[in-house]
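The structure under discussion appears below in the form of structure tokens.
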Amino acid sequence: MPELPEVETIKRQLSREIIGKKLEGDKVVGVRRRAKILIIDFTDGSSLIFHLKLTGQLILNGEASKHTRCIFKFDDGSNLVFNDMRKFGWWKKIASTKKLEESFGPEALEVSLTEFKKILSKRPKAKIKALLMDQKAIAGIGNIYSDEILFLSKVRPLRLIVSLMQSEVSSIWANIGRILKRAVKLRGTSERSYVDARGKKGNYLKELKVYRRENKKCFRCGTLIKREKLGSRSAHYCPNCQK
DNA sequence: CAATCGTCCTGCGGGC
DNA sequence: TGCCCGCAGGACGATT
């Protein structure tokens with residue numbers, strides 16, 4: 001599922017390739033990411049925005065398949081193929097991204113420890129994993145990376161924020177940066193259908209410690225990884241390492 | 001304020 | 001072998 005590292009990877013690849021090209025008469029002046037949204041900016045101030053949701057793909061000069069929803073053609077003959085097997089993803093042209101940008105909390109890779117503590121203090125009764133995945137609180141983290149961040153921080157996903165010690169909060173904050181940066185470096189996690197803008201899989205899958213590892217041995221202590229429901233989602237954790 | 005449920009969708013794995 | 005069932009989940013709106 002494309003989260004911050006996956007969308008960031010696509011953003012970086014696209015910005016190298018499509019800036020200066022024209023799409024339906026408008027010249028591309030920039031490619032950005034906000035939360036899990038990919039933004040293509042045009043000369044006239046408008047933007048084309050995408051949410052890949054669970055199975056969306058954006059592939060440069062990709063080949064059309066039965067999952068192809070749209071093909072965007074540039075003036076130089078190159079194109080951008082939007083595939084989405086599950087059809088949850090979407091795209092739209094908007095005149096301004098102002099409202100969109102304001103609808104999200106601070107970027108996960110830009111939030112300071114002080115800011116992070118302030119965000120947590122406003123939601124004492126929320127579960128920590130739910131907050132990490134709440135785009136209005138912190139933007140960019142989804143199910144996979146929230147599990148991984150909490151494993152590294154030795155904190156159970158269902159812990160209430162009010163119960164967290166300051167040392168745990170600091171650890172979670174540090175690991176948000178650590179894990180997301182490492183995942184960007186490895187071009188994301190291809191757990192399901194994710195591929196980058198060149199159609200290649202990301203390499204973070206082999207670094208996953210808990211996500212989708214239910215009943216497998218914890219790499220740290222050997223205890224079997226557990227899975228618990230958090231709303232409609234799964235939270236994976238080591239019942240021994242994580243308190 | 002927090003949690004839950006329904007909604008969108010379809011490939012895939014489990015069970016028989 | 002093949003078929004059916006239900007799970008997986010990001011985000012949003014309505015409800016409790």
Side-chain angles (χ1 to χ4, degrees), chain A residues 1-11 33-39 49-59 64-70 81-92 94 97 99-108 117-150 156-164 176 179-180 183 188-195 201-202 204-205 208 210-216 225-237:
Chain A
M1 305 155 290
E3 302 180 26
L4 184 151
E6 290 76 24
V7 184
E8 180 68 21
T9 299
I10 294 170
K11 182 207 87 177
R33 177 192 58 75
R34 177 75 171 107
K36 303 173 192 171
I37 309 259
L38 185 93
I39 305 168
I49 64 173
F50 297 85
H51 197 310
L52 304 180
K53 291 289 182 92
L54 306 181
T55 57
Q57 303 176 329
L58 271 173
I59 306 176
S65 72
K66 68 170 181 174
H67 299 308
T68 298
R69 306 293 162 211
C70 193
V81 176
F82 181 79
N83 296 326
D84 188 12
M85 182 181 83
R86 302 270 278 280
K87 298 182 179 174
F88 278 27
W90 50 262
W91 68 90
K92 61 179 161 186
I94 55 174
T97 59
K99 267 181 125 179
L100 174 87
E101 292 181 61
E102 288 170 356
S103 69
F104 295 114
E107 281 292 317
K117 284 180 177 174
K118 201 171 169 186
I119 291 164
L120 294 194
S121 70
K122 287 177 185 161
R123 305 275 298 276
K125 291 180 178 171
K127 295 182 174 84
I128 183 60
K129 180 178 166 71
L131 183 126
L132 291 179
M133 293 194 300
D134 183 347
Q135 304 304 300
K136 288 181 174 61
I138 311 164
I141 301 170
N143 211 18
I144 297 177
Y145 296 108
S146 56
D147 275 359
E148 297 299 309
I149 288 162
L150 292 169
R156 293 195 187 195
L158 275 63
R159 279 276 294 282
L160 295 186
I161 287 168
V162 71
S163 80
L164 299 175
I176 288 173
I179 288 191
L180 294 180
T189 303
S190 290
E191 188 267 336
R192 289 183 170 198
S193 51
Y194 167 75
V195 290
K201 290 184 174 184
Y204 199 80
L205 183 67
L208 294 182
V210 283
Y211 186 75
R212 285 282 175 104
R213 294 200 65 248
E214 187 187 12
N215 291 327
K216 291 183 176 162
I225 300 299
K226 270 191 156 188
R227 182 161 69 108
E228 265 181 57
K229 282 283 174 188
L230 175 66
S232 63
R233 316 236 181 83
S234 301
H236 307 78
Y237 67 96

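In what follows, chains carry the letters A, B, and so on, assigned in the order in which the sequence lines appear, proteins first and then strands, with residues in each chain numbered from 1.
Heavy atoms of A:Y194 sit nowhere under 4.0 angstrom from any nucleic acid atom. The residue A:S234 sits close only to the backbone: its heavy atoms come under 4.0 Å of sugar-phosphate atoms, none of a base.
Separating the CG atom of A:L52 from the P atom of B:dC8 is a distance of 22 Å, rounded to the nearest angstrom. What separates CG of A:N143 from P of C:dG10 is a distance of 5 Å, to the nearest Å. The distance between atom CD1 of A:I138 and atom C1' of C:dG10, rounded to the nearest whole Å, is 16 Å. Straight-line distance from the CZ atom of A:F88 to the P atom of B:dG11: 13 Å, rounded to whole Å. Taking atom CD on A:E191 and atom P on C:dA8, their separation rounds to 11 Å, with Å as the unit. Atom CZ in A:R192 sits about 4 Å away from atom C1' in C:dA8, given to the nearest Å. The distance between atom NZ of A:K122 and atom P of B:dA2, rounded to the nearest whole Å, is 12 Å. If you measure from atom NZ of A:K92 to atom P of C:dA11, you get 14 Å, rounded to the nearest angstrom.
Between A:R233 and C:dG10 there is a side-chain polar atom (N or O) within less than 4.0 angstrom of OP1 or OP2. An OP1 or OP2 oxygen of C:dA11 is reached within less than 4.0 angstrom by a side-chain nitrogen or oxygen of A:Q135. Put simply, A:R212 has no side-chain N or O that comes within less than 4.0 Å of OP1 or OP2 on C:dC7. A sub-4.0 Å separation between OP1 or OP2 of C:dC7 and a side-chain N or O of A:K229 is absent. Contact check, A:H51 against C:dA11: a side-chain N or O comes under 4.0 Å of OP1 or OP2.
In this structure, the side chain of A:Q135 engages the main chain of A:I141 through a donor-acceptor pair within 3.5 Å. Listed for the A:D147 side chain is a donor-acceptor partner under 3.5 Å among the backbone atoms of A:H236. A donor-acceptor pair under 3.5 Å links the side-chain atoms of A:R34 to the main chain of A:F104, judged by distance alone.
If you check the side chains of A:Y237 and A:E228, you find a donor sitting under 3.5 Å from an acceptor.
When A:I179, A:L180, A:N143, A:T189 are each tested for a side chain to side chain contact (heavy atoms under 4.5 Å, CB included) with A:E148, only one passes: A:I179. For the side chain to side chain contact (heavy atoms under 4.5 Å, CB included) with A:Y194, the lone residue among A:T9, A:L54, A:L205 that qualifies is A:T9.
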(request) Could you walk me through whether A:E8 and A:K11 pass salt bridge (charged side-chain N to carboxylate O under 4.0 Å, His left out), step by step? (result) CA-CA 5 Å; A:E8 180 68 21; A:K11 182 207 87 177; 2.9 Å; yes
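Mapping A:R123 and A:K53 onto DNA chain B by nearest heavy atom places A:R123 at the nucleotide closer to the 5' end. Both A:S232 and A:H67 lie near DNA chain B, and the one whose nearest nucleotide falls closer to the 5' end is A:S232.
Heavy atoms of other residues, nucleotides or ligands lying less than 6.0 angstrom from NZ of A:K117 number more than 12.
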(message) Show me the dot-bracket string of DNA chain C, counting Watson-Crick or G-U pairs under 3.5 Å, with | for pairs to another strand and [ ] for crossing ones.
(response) .|||||||||||||||
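Which of C:dA8, C:dC12, C:dG10 sits closest to the side chain of A:K136 comes down to C:dC12. In this structure, the nucleotide among B:dA2, B:dA3, B:dC8 sitting nearest to the side chain of A:K125 is B:dA2.
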